[in-house]
Amino acid sequence: MIKELSKTYSPKEIEEKWYKIWEEKGYFNAQHNDEKPGYSIVIPPPNVTGILHMGHMLDNAIQDTIIRYKRMSGFDTLWVPGTDHAGIATQNKVERMLKDEGTSKEEIGREEFLKRTWEWKEKHGGLITKQLRRLGVSLDWSRERFTMDEGLSKAVKEVFIKLYNDGLIYRGEYIVNWCPHDKTALADDEVNHVEKNGKIWEIKYRIKDSDEFVVIATTRPETMLGDTGVAVNPKDERYSHLVGKTVILPLMNREIPVVADEYVDMEFGTGVVKMTPSHDPNDFEVAKRTGLAFLNIFTEDAKVNENGGKYCGLDRFEARKAVLKDLEEQGLLVSVKDHKNAVGHCYRCDSVIEPRVSTQWFVKMQPLAERALEVVKNGQVKITPQRWEKVYYNWLENIRDWTISRQIWWGHRIPAYYAEDGTVFVARDIEEAKAQARKKFGKDVDLREETDVLDTWFSSALWPFSTMGWPEKTKDLEKFFPTDTLVTGADILFFWVARMIMMSLYIMDEIPFNYVYLHGLIRDEIGRKMSKSLGNSPDPLNLIDKYGADAIRYSFLYNTSQGQDIHFSEKLMEMGSTFANKIWNVSKFVLSNLEDFNTETSVTDLEFKLEDTWILSKLQSAAAKINEYMNGYELDNAAKAVYEFFRGEFCDWYVEIAKTRVYGGEGTDKVTAQWVLRHVLDSGLKMLHPFMPFITEEIWQKLDFDEETVMLSDFPKEDKLLINKEAEKEFDYLKEVITAVRNIRGEANVSPSKKIEVIFKTSSESEKKILTDNPKILDKLANIEKYGFAPDVEIPELVGFRLVETTEIYVPLADLIDKEKEIAKLEKDIEKTQKELDKVLGKLSNGAFLGKAPQAVIEKENAIKEELETKIAKFRESINLYK
């Protein structure tokens, strides 16, 4: 039985109700239905420390729209949820909590610290998954994973051991990116390089037993405390006589050698370079080639250690000031120049990175990268937008080994054990390691467990197959791996996407996904990244409370072109909210006029009019377009197509015409209109469902169909038999005529409620017949009281005019307007608009404004200028009409 909708649309009420029902009934869960093909997506796991932000909203709205569409298109779908343990971020949270309690991780010890971290995770770690439910995401919560759950931890160990046994993991002393705040190594791609205004200092180093000096240039004078040499280019004739000699290191009075190496750029600075091998990656390589010593001068938190002499204990930046002061006092500081350089910052805490030699674990990346390059180049994995493929190639072709060890406690502990002599045993547990040691040494020996943990991205790299049960052979792996689509931000193309491709090819001998959809960032109106510090990042949950999840999802999807950034403003949300209200109100009208409709009515009992045939044909065209866009992952175009059909063709045209047939109508004409209204509303809601799940479910349930839920119904497909191009052409002509008459009204300021007369002039009999056959539609939608055809009717002097196809349209205006009054009003409008335009022109001619304003602001002002100029031109056109 068809039911009515409540009077007002209340998103919060229906969203809370339906999500609970969906989840309880297991509608989101993969079914392992052998009759249906599988389709799968894995969620980019949000950090367990995280809360919902705008990027999550966009990312998950895209994924949910895809998975809902595929579910309705006959696929057995699996969308795997889960969270990432976020090693550094989570450890920082717990360390801050301990500090508030007056203790520290060192005081309570590793075991107790990990216990407290698990407690924190259990208490606070599920917040983001609860928040995601507010967005309506149809994740299979029965398969939720965590990167440190038992199964994934087992997978991590197995992959580490295989890589190690295959010679792809090694341990060695190398220079790494060191975060002094988090006291851990970072991989190259975890360092954000920020260009800053700095200085370059030139310092004199004296040649031993000589009055001669060499002048070196440096951007980090404090590191000279760790210099173990000076380098020149072997081709540089200026300094060839110095190679093999020694210089006296200022302030430290150590003798250090002069070496020759082609790394030195003869054109940069003075052509002489200080060598600090323990704190500069290039110097590290030169030292390996030339035999220079390695001397570490910094502690883990970037304070000068005992190797720094009298500067011991100073923070690195305090040491810089002290070193420069002493150099100046001793007459060794030659010059100071402004210099721009890229400074590395930790991607987690934004601390300035300090290169540092330390013993770490590494993965050899080149052998893994070769296949990962191949599968993108040959099209097995498609990356969109395509421009990101070049970035992907560049990174993999120039890849460096991955530093995977982290000096923190929260994470997957590296499965390695050490004998007293330093021999390493990589094993699943201590017993297996002891067995290896017994085999090597012929006796039982004491073993010490590795204290480092793995980089968080190591476990994330296994996500597509580890979440489905690997290393066990599972039904999920058999049906749903490789996954179909990966949706994520382009900012983690290297961190995550490339590594997943490498690891899947290495472990599974298969690609992890076929299609990578890289979306852009959400920025504010003037193009800035959203951040708490700028105060330009709204709380997503507040937005959901205000507008409803459906409105936000739809607004994002409508405005998200593949790979393009979104410039967010609440006006975008208002667009989605207005559309949701329109859907509700139109559906309320349809449902209220179906009370006496027999849902068993057969299509053979109906008599279709032009508008019925037109809307049914347009429905097929819309279905074809939307399916094409969705299968091509053009979600914005799909959202626009469903909007154009539902909001434009159905609501604005068909429903308005149908009112003349259902209000007080009777017989077959009324029943036909009712059947079409119900059928098109059903199909329209299904096409909207992937974008706006809550409102479509609430309305669809009232239509009294057999299926349990709209999300498990069939997505509309094109039926070519119902396409009637002739009916579309005829009705589209009628629409253009009505639009032309409405435009004449608008320009002449004639109220839409005022009845008017229209004169048509046409040589086309078919056009004349369409107009003659549809007086009710013309009256309902253009308020045309009567109309005639020239030359039977004389055309007066003062008219509004339009041409549609071959039909000339005349609207007599003499009795509808006060010419003088209208001209005066338009002149006032011109005066007011000109003042606004003058302000904008003033800004755009102001050199100071153009020099300081961001490009996005200038573009916005130019757009306003064009809009105001167009308005003035239209006002002048209207004045000419009255003269």
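FYI, side chains are in, hydrogens and waters are out, and symmetry mates aren't considered; it's all heavy atoms of this structure. Only a predicted model underlies this, so the values are computations on that prediction, with no experimental measurement involved.
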- Short side-chain to backbone donor-acceptor contact, Thr228 and Leu292, under 3.5 Å: no
- Query: Is any side-chain heavy atom of Tyr205 less than 4.5 Å from a side-chain heavy atom of Leu332?
  - Reply: no
- Message: Main chain of Ile297, side chain of His279: is a donor-acceptor contact present, judged purely on distance under 3.5 Å?
- Response: yes
- Note on the structure: Smallest heavy-atom separation, Asp565 atom then Leu521 atom, equals OD1-N, 2.7 Å
- Lys/Arg N to Asp/Glu carboxylate O, Lys571 vs Glu525, below 4.0 Å: no
- Message: Less than 4.5 Å apart, side chain to side chain, heavy atoms only: is that true for Trp178 and Gln407?
- Response: yes
- Query: Side chain of Thr456, backbone of Gly87: donor and acceptor closer than 3.5 Å?
  - Reply: yes
- Query: Could you go step by step and tell me if Thr83 and Ile128 meet the side chain to side chain contact (heavy atoms under 4.5 Å, CB included) rule?
  - Reply: CA-CA 9 Å; Thr83 49; Ile128 194 164; 4.2 Å; yes
- Backbone N or O of Trp409 within a donor-acceptor pair of the Gln91 side chain at under 3.5 Å? yes
- More than 12 heavy atoms of other groups within 6.0 Å of Glu329 CD: yes
- Over all atoms of both residues, closest heavy-atom pair of Ala853 and Ile858: O-CD1, 3.7 Å
- Message: Assess the residue pair Asn296 and Ser278 against the criterion (side chain to side chain donor-acceptor pair (under 3.5 Å)); give the C-alpha distance rounded to whole Å, side-chain angles, the decisive distance to 0.1 Å, and a yes or no.
- Response: CA-CA 5 Å; Asn296 182 7; Ser278 290; 5.8 Å; no
- Message: To the nearest 0.5 Å, what is the distance between CG on Asn398 and CD on Gln366?
- Response: 10.0 Å
- Ser845 side chain vs Gly842 backbone, donor-acceptor pair below 3.5 Å: yes
- Task: Give the C-alpha distance, both sets of side-chain angles, the deciding distance and a yes or no for side chain to side chain contact (heavy atoms under 4.5 Å, CB included) between Val272 and Val215.
- Result: CA-CA 7 Å; Val272 184; Val215 177; over 6 Å; no
- Message: Between Thr299 and Lys303 (side chain of the first, backbone of the second, donor and acceptor by atom type, cut-off under 3.5 Å), is there such a pair?
- Response: yes
- Could you tell me whether Phe317 atom CZ has more than 12 heavy atoms of other residues or ligands within 6.0 Å of it? yes
- Item | Pairing of Lys325 and Glu328 as salt bridge, 4.0 angstrom limit | no
- Does a side-chain heavy-atom distance below 4.5 Å link Trp361 with Leu454? no
- Less than 4.5 Å apart, any side-chain heavy atom of Ile203 and any of Lys274? no
- Query: Would you say the side-chain atoms of Asp261 and Thr290 include a donor-acceptor pair closer than 3.5 Å?
  - Reply: no
- Message: Quick check: closest heavy atoms across Trp402 and Asp455, and the distance to 0.1 Å?
- Response: NE1-OD2, 3.0 Å
- Query: Which heavy atom of Ala319 sits nearest a heavy atom of Val304, and at what distance?
  - Reply: CB-CG2, 3.7 Å
- Aromatic rings Tyr633 and Tyr517: how do their planes relate, parallel, tilted or perpendicular, breaks at 30° and 60°? perpendicular
- Query: Between Lys860 and Ile526, is any pair of side-chain heavy atoms under 4.5 Å apart?
  - Reply: no
- Task: Could you grab the distance from atom CD1 of Ile414 to atom CD1 of Ile404, nearest 0.5 Å is fine?
- Result: 5.5 Å
- Just wondering, are more than 12 heavy atoms of other shown residues or ligands nearer than 6.0 Å to NZ in Lys377? yes
- Message: Run Cys346 and His181 through side chain to side chain contact (heavy atoms under 4.5 Å, CB included) and show every step you take.
- Response: CA-CA 9 Å; Cys346 173; His181 176 269; over 6 Å; no
- Message: Please report whether the ring centroid of Phe458 lies less than 6.0 Å from that of His412.
- Response: no
- Message: Between Arg220 and Glu354, does any side-chain N to carboxylate O distance fall below 4.0 Å?
- Response: yes
- Message: What's the separation between atom NZ in Lys196 and atom NZ in Lys340, rounded to the nearest 0.5 Å?
- Response: 13.0 Å
- Query: How many angstroms lie between CG in Asp524 and CE in Met54, if you round to the nearest 0.5 Å?
  - Reply: 11.0 Å
- Message: Donor-acceptor check, side chain of Asp84 to backbone of Pro46, threshold 3.5 angstrom: yes or no?
- Response: no
- Task: Could you label the plane-to-plane angle of the Phe284 and Tyr174 rings as parallel, tilted or perpendicular, counting under 30° as parallel and over 60° as perpendicular?
- Result: tilted
- Item | Check: Ser351 side chain, Pro180 main-chain N or O, donor-acceptor pair, under 3.5 Å | no
- Item | Validation row: Met503, Leu163 side chains within 4.5 angstrom (heavy atoms) | yes
- Are any of the side-chain nitrogens in Glu212 or Arg238 under 4.0 Å away from the carboxylate oxygens of its partner? no
- Message: For a quick test of reading the model, state the closest non-hydrogen atom pair linking Arg320 to Glu222 and the distance between them.
- Response: NE-OE1, 2.8 Å
- Item | Main-chain N/O of Arg371 paired with Tyr506 side-chain donor or acceptor, under 3.5 Å | no
- Task: Ignoring hydrogens and angles, tell me if any N or O in the side chain of Asn233 forms a donor-acceptor pair with the backbone of Val264 under 3.5 Å.
- Result: yes
- Message: Checking Asn862 against Glu866 for the side chain to side chain donor-acceptor pair (under 3.5 Å) test, could you report, in this order, the C-alpha distance in whole Å, the side-chain angles of both residues, the deciding distance, and whether it holds?
- Response: CA-CA 6 Å; Asn862 274 310; Glu866 288 175 21; over 6 Å; no
- Message: Is the shortest side-chain heavy-atom distance between Tyr311 and Asp326 below 4.5 Å?
- Response: yes
- Note on the structure: Here the pair of heavy atoms bringing Leu225 nearest to Gly308 is CD1-O, 4.3 Å
- Message: For a side chain to side chain contact (heavy atoms under 4.5 Å, CB included) check, start with the C-alpha distance between Ile216 and Asp227, then their side-chain angles and the critical distance, and finish with the verdict.
- Response: CA-CA 12 Å; Ile216 64 93; Asp227 284 1; 5.7 Å; no
- Could you tell me whether the side chain of Val230 reaches within less than 4.5 Å of the side chain of Tyr239, counting heavy atoms only? no
- Message: Nearest 0.5 angstrom please: Leu518 CG to Thr488 OG1, how far?
- Response: 7.0 Å
- Message: Does the plane of the ring in Phe568 sit parallel, tilted or perpendicular to the ring in Phe556? Use 30° and 60° as the thresholds.
- Response: tilted
- Message: Heavy-atom count check: over 12 atoms from other residues, nucleotides or ligands less than 6.0 Å from Arg387 CZ?
- Response: yes
- Task: Working to the nearest 0.5 Å, report the span between CE of Met275 and CG of Leu295.
- Result: 15.0 Å
- Task: Considering only NZ, NE, NH1 and NH2 on the basic side and carboxylate oxygens on the acidic side, decide whether Arg406 and Asp452 come within less than 4.0 Å.
- Result: no
